[in-house]
Amino acid sequence: MVEGILVPDSFASATINSKGETTMEWVYWPSFPRKILDDAKTLAATLAAPGTRGNFLTLLPAAERTNPGEVAIRHSDFDDDHTFQVFASYDVHAPKGPKHGRAITLNFGVDGKERVHPNRRAGVPTLPTSSSKP
């Protein structure tokens with residue numbers, strides 16, 4: 001989390017042996033432009049205010065407007081072969097249904113348009129990740 005905004009694609013992990021010694025550490029927490037954090041904070045403020053929340057939600061597909069969601073910063077994975085990508089996102093947790101076939105997380109940019117997560121190929125759904133990472 002950075003200044004109250006989730007960054008679910010970043011992580012840190014460690015293994016500690018019985019002597020309390022660290023035997024493995026793994027951190028992937030890339031830096032990104034301040035503008036992305038500012039966009040995420042603006043999006044969070046928009047969704048927190050009843051008047052502007054409704055306006056933003058009308059930009060989403062009708063089926064996704066009532067599903068639970070959260071603001072996050074999404075970025076490329078550590079082993080992505082492409083250029084690093086990062087964006088502010090409204091992550092909508094869509095339940096299993098006829099459209100998706102299984103529960104997935106959809107990512108919407110500050111303009112309300114669906115974004116393909118950098119780690120997902122277009123048309124290939126992903127499992128929810130935001131609430132499953134520490």
Side-chain angles (χ1 to χ4, degrees):
M1 192 171 286
V2 175
E3 295 184 28
I5 303 294
L6 295 170
V7 188
D9 302 311
S10 292
F11 61 88
S13 178
T15 302
I16 300 171
N17 66 19
S18 61
K19 298 176 188 174
E21 302 166 331
T22 302
T23 60
M24 185 277 303
E25 290 181 346
W26 192 8
V27 177
Y28 181 62
W29 202 277
S31 60
F32 49 82
R34 176 70 196 199
K35 181 186 181 325
I36 302 300
L37 180 59
D38 293 343
D39 287 349
K41 286 181 160 187
T42 298
L43 185 53
T46 296
L47 289 160
T52 55
R53 178 182 178 79
N55 291 340
F56 178 80
L57 292 177
T58 63
L59 300 172
L60 306 183
E64 312 310 340
R65 292 178 192 159
T66 58
N67 291 329
E70 60 194 347
V71 175
I73 293 172
R74 292 302 194 156
H75 62 72
S76 304
D77 203 359
F78 61 92
D79 66 349
D80 191 343
D81 294 335
H82 302 95
T83 304
F84 181 74
Q85 298 176 53
V86 61
F87 63 94
S89 175
Y90 180 57
D91 289 357
V92 174
H93 307 295
K96 182 177 180 176
K99 180 179 175 186
H100 308 297
R102 64 179 179 166
I104 62 170
T105 297
L106 301 171
N107 310 106
F108 295 93
V110 295
D111 57 2
K113 293 182 181 175
E114 187 172 0
R115 300 278 310 259
V116 175
H117 189 287
N119 303 336
R120 187 179 97 199
R121 292 182 304 274
V124 178
T126 58
L127 294 173
T129 56
S130 297
S131 54
S132 64
K133 290 192 178 184

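Heavy-atom basis, side chains included; hydrogens, waters and symmetry copies ignored. Numbers here simply count residues along the sequence, with the first being 1.
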Minimum heavy-atom separation for [X] and [Y], please, with both atom names.
| X | Y | result |
| --- | --- | --- |
| Ala40 | Val71 | O-CG1, 3.4 Å |
| Ala72 | Asp91 | CB-OD2, 3.6 Å |
| Val86 | Pro33 | CG1-CD, 4.1 Å |
| Phe87 | Val116 | CE2-O, 4.4 Å |
| Thr58 | Asn55 | OG1-O, 2.6 Å |
| Ala45 | Thr52 | O-OG1, 4.2 Å |

State the [atom1]-[atom2] distance between [X] and [Y], to the nearest 0.5 angstrom.
| X | Y | atom1 | atom2 | result |
| --- | --- | --- | --- | --- |
| Phe84 | Ser31 | CZ | OG | 7.0 Å |
| Leu43 | Asp38 | CG | CG | 12.5 Å |
| Ile104 | His93 | CD1 | NE2 | 11.5 Å |
| Ile16 | Met24 | CD1 | CE | 10.0 Å |
| Leu57 | Thr46 | CG | OG1 | 10.5 Å |
| Glu25 | Thr15 | CD | OG1 | 9.5 Å |

Run through Val92, Leu60, Leu59 and flag the one making a side-chain contact (heavy atoms from CB on, under 4.5 Å) with Arg65. Leu60

Out of the candidates Phe11, Tyr28, Trp29, only one should pair with His75 under the ring pair (Phe, Tyr, Trp, His ring centres under 6.0 Å) rule; please name it. Tyr28

Given 3.5 Å as the limit, does a donor-acceptor pair link the side chain of Ser76 with the main chain of Gln85, or not? yes

Check for a donor-acceptor pair, side chain of Asn107 on one end and backbone N or O of Ser89 on the other, with a separation under 3.5 Å. no

Do Thr105 and His117 have side-chain heavy atoms sitting under 4.5 Å apart? no

A quick test of your reading: do over 12 heavy atoms of other residues, nucleotides or ligands sit less than 6.0 Å from CD of Glu21? yes

Angle class for the Tyr90/Phe56 ring planes (parallel below 30°, perpendicular above 60°, tilted otherwise)? perpendicular

